[in-house]
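One-based numbering, in listed order, for ligands and for the atoms of each. What you see is a predicted model, and the numbers here were worked out from it, not measured in a lab.
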Amino acid sequence: MEGQKEVLADTPYGQVEVTTGSLDGQEVMFLSRHGRQHVLPPHAVNYRGNIWALRALGARKIIATAAVGSLSPSLLPGDLVLPDQFLDFTKKREGTFYQGGEGVLHVDMTEPYCPEIRNIILQSASELQLKVQAQGVYVCTEGPRFETPAEIRMFHQWGGDMVGMTGVPEVVLAREGGLCYASIALVTNMAAGIADHPLSHAEVAAMTKSLGKTLAALLGRTLKNLGMERNCSCARAAKEAGKF
Ligand code: HPA
């Protein structure tokens, strides 16, 4: 990023660190959901503060990344997938900006991930001749522990393709805030019981690191192709409740 600045954004949910700058003349922001030093475990991430901060600083489109374990033999470590649906198995996270007192919002989740951004990521991947799976069901667990093999078998039988710990409620809050949101999932491992060895954070971190350059290229090309115009309906959900 050019003109890089570290910004501390004040939100109703505490301060959030965001890096701002520009890429090819387009304003962009970068936010580490786990904090700069990766100190916040998935259940302690400030999901509401993060989305609030990005919105308040002017963001309208979010491209998230997510490390995932694969539930299916058709997704292998090193693969990239764009989730198009999710199953929510989180337990104790603040999952809404609407806690009562300021109206009630039952936000529509028919198409949780912005179709416009997803298409642009796919187009960008094809320009770079990168293989990206166009669809997949993301299962979000509470963590921070990995799953049991019995849980993984159940998630697969229930339609899940990949499992991670951070995608929800992030995607929901983005929609409540009227933001476009898509996620690029990086398959870092086969899930528990499918893998032939116990799982470790080190394994996930090593695969994430080895995909770093590919991901950066895909993000760079996607940002170039993205633009500020919005022809999707992601902003509509927020209008119904009137908070944003
Ligand atoms: N389970 C949950 N979250 C993950 C995994 C996993 O196997 N791999 C990367 N994030």
Side-chain angles (χ1 to χ4, degrees), residues 30-47 50-51 62-95 112-113 121 130-174 181-216 218-219:
F30 177 80
L31 190 158
S32 295
R33 65 160 78 81
H34 296 281
R36 287 258 163 72
Q37 265 69 48
H38 203 103
V39 286
L40 300 171
H43 61 283
V45 167
N46 185 2
Y47 294 102
N50 289 348
I51 296 293
I62 299 176
I63 305 170
T65 58
V68 294
S70 168
L71 303 180
S72 123
S74 65
L75 278 179
L76 298 173
D79 286 350
L80 301 178
V81 198
L82 301 187
D84 66 320
Q85 289 288 318
F86 68 78
L87 295 170
D88 180 9
F89 284 89
T90 63
K91 294 174 186 165
K92 45 189 179 198
R93 302 180 182 188
E94 299 291 353
Y113 300 89
I121 298 172
L130 275 179
K131 197 182 118 224
V132 174
Q133 184 164 309
Q135 285 172 315
V137 177
Y138 176 100
V139 180
C140 195
T141 63
E142 183 65 20
R145 67 169 177 85
F146 286 115
E147 301 71 36
T148 64
E151 288 170 329
I152 292 300
R153 280 195 298 275
M154 180 188 79
F155 293 151
H156 190 46
Q157 282 166 11
W158 286 11
D161 296 305
M162 62 197 121
V163 60
M165 301 178 193
T166 54
V168 184
E170 201 170 77
V171 57
V172 178
L173 293 164
Y181 178 101
S183 178
I184 304 174
L186 328 171
V187 181
T188 54
N189 58 283
M190 299 310 288
I194 303 176
D196 57 4
H197 53 271
L199 304 182
S200 68
H201 178 66
E203 176 183 359
V204 171
M207 182 53 90
T208 305
K209 195 165 172 211
S210 81
L211 286 170
K213 280 214 173 83
T214 308
L215 187 62
L218 180 56
L219 284 171

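- Heavy-atom proximity to E147, at under 4.0 Å, picks out these atoms of ligand 1: 1 (N), 2 (C), 6 (C), 7 (O).
- Residue N189 approaches ligand 1 through these ligand atoms, each under 4.0 Å from one of its heavy atoms: 5 (C), 6 (C), 7 (O), 8 (N), 9 (C).
- The contact set between ligand 1 and T188, taken as ligand atoms under 4.0 Å from a residue heavy atom, comprises 8 (N), 9 (C).
- A side-chain donor-acceptor contact under 3.5 Å links S70 to the backbone of S72.
- The closest approach between T141 and ligand 1 stays at or above 4.0 Å for every heavy atom of the residue.
- Of all protein heavy atoms, the one closest to atom 3 (N) of ligand 1 is G164 CA, 3.4 Å.
- For the side chain to side chain contact (heavy atoms under 4.5 Å, CB included) with F89, the qualifying choice from M154, E151, E147 is M154, the only one to do so.
- In this structure, the side chain of R93 engages the main chain of E142 through a donor-acceptor pair within 3.5 Å.
- For atom 4 (C) of ligand 1, the closest non-hydrogen atom on the protein side is V163 O, 3.6 Å.
- Protein heavy atom in closest approach to atom 10 (N) of ligand 1: A67 O, 3.2 Å.
- Short contacts between ligand 1 and G69, defined as distances under 4.0 Å to a heavy atom of the residue, involve ligand atoms 5 (C), 6 (C), 7 (O), 8 (N), 9 (C).
- Side chain of H34 to backbone of L40: a donor-acceptor contact under 3.5 angstrom is found.
- If you look at Y138 and Y113, their ring centroids are not closer than 6.0 Å.
- Side-chain contact between V132 and L218: present, with at least one pair of heavy atoms (C-beta onward) separated by less than 4.5 Å.
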